[in-house]
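In what follows, a single structure is set out as structure tokens and then discussed.
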Amino acid sequence: GIQVEQSPPDLILQEGANSTLRCNFSDSVNNLQWFHQNPWGQLINLFYIPSGTKQNGRLSATTVATERYSLLYISSSQTTDSGVYFCAVEREDSSYKLIFGSGTRLLVRP
Amino acid sequence: NAGVTQTPKFRVLKTGQSMTLLCAQDMNHEYMYWYRQDPGMGLRLIHYSVGEGTTAKGEVPDGYNVSRLKKQNFLLGLESAAPSQTSVYFCASTAHVGEAKNIQYFGAGTRLSVL
């Protein structure tokens, strides 16, 4: 099946710093989403981005489908950005099934 | 508008007991999913449904059954719980049509421990 690899697995930042999270996938996809899981376990969709670039406030994401990777940028990080960031993909020939990476655990220190 | 609601939030079972987890969504979404999340891992798909009366297997379906008798509800059943089913269970739904298609909306999770 399709492999989804996220890096780095863990990241510690000082408040105000910028960061880039990476998601590599092993096959063509028609759906890629980034999620944030907060320290209370709630999963929130950040971006639906099978290709191209999107921005939402301090967050932006870029997916280069032909090279099978996606990047999530966090600028001017805040303590509320802490949690786990997941990338999830759906294969082109799949029936709406998302495959999740193992996540990047982010801690932003005040 | 509550979104996706899961009940119960916590449950402790003994090995061999059965239980049903309920997921309800009020967004009129066609597609619903059940995932499990184990420590340090991403979510893995257990079963999913693309409409009322339909269900299909995901990555890790063994030991679970599901039913989608009403469009807004998706039930996950454990007939004979095992310690390996200790996990956090998440339900999600998506419209798959319109501007927000393919975006999955998640419930708050159910933390299940099987002793």
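Lettering of chains follows the sequences in order, A, B, ..., and the numbering in each one begins at 1.
Remark: E5(A) CD is loosely packed, at most 12 non-hydrogen atoms of other residues, nucleotides or ligands lying under 6.0 Å away.
For F35(A), the part lying under 4.5 angstrom from a heavy atom of chain B is the side chain only. Proximity to chain B is limited to the side chain of Q37(A), based on heavy atoms less than 4.5 angstrom apart. With a 4.5 angstrom heavy-atom cutoff, L45(B) touches chain A only via side-chain atoms.
In this structure, the separation between OG on S75(A) and CG on L59(A) is 7.0 Å, given to the nearest 0.5 Å. One finds the SG atom of C87(A) at 11.0 Å from the CG atom of L46(A) (value rounded to the nearest 0.5 Å).
The residue among G1(A), S102(A), P9(A) with the most heavy atom pairs within less than 4.5 Å of chain B is S102(A).
Between Y35(B) and F106(B), the ring planes lie tilted relative to each other; the angle falls in the 30° to 60° range.
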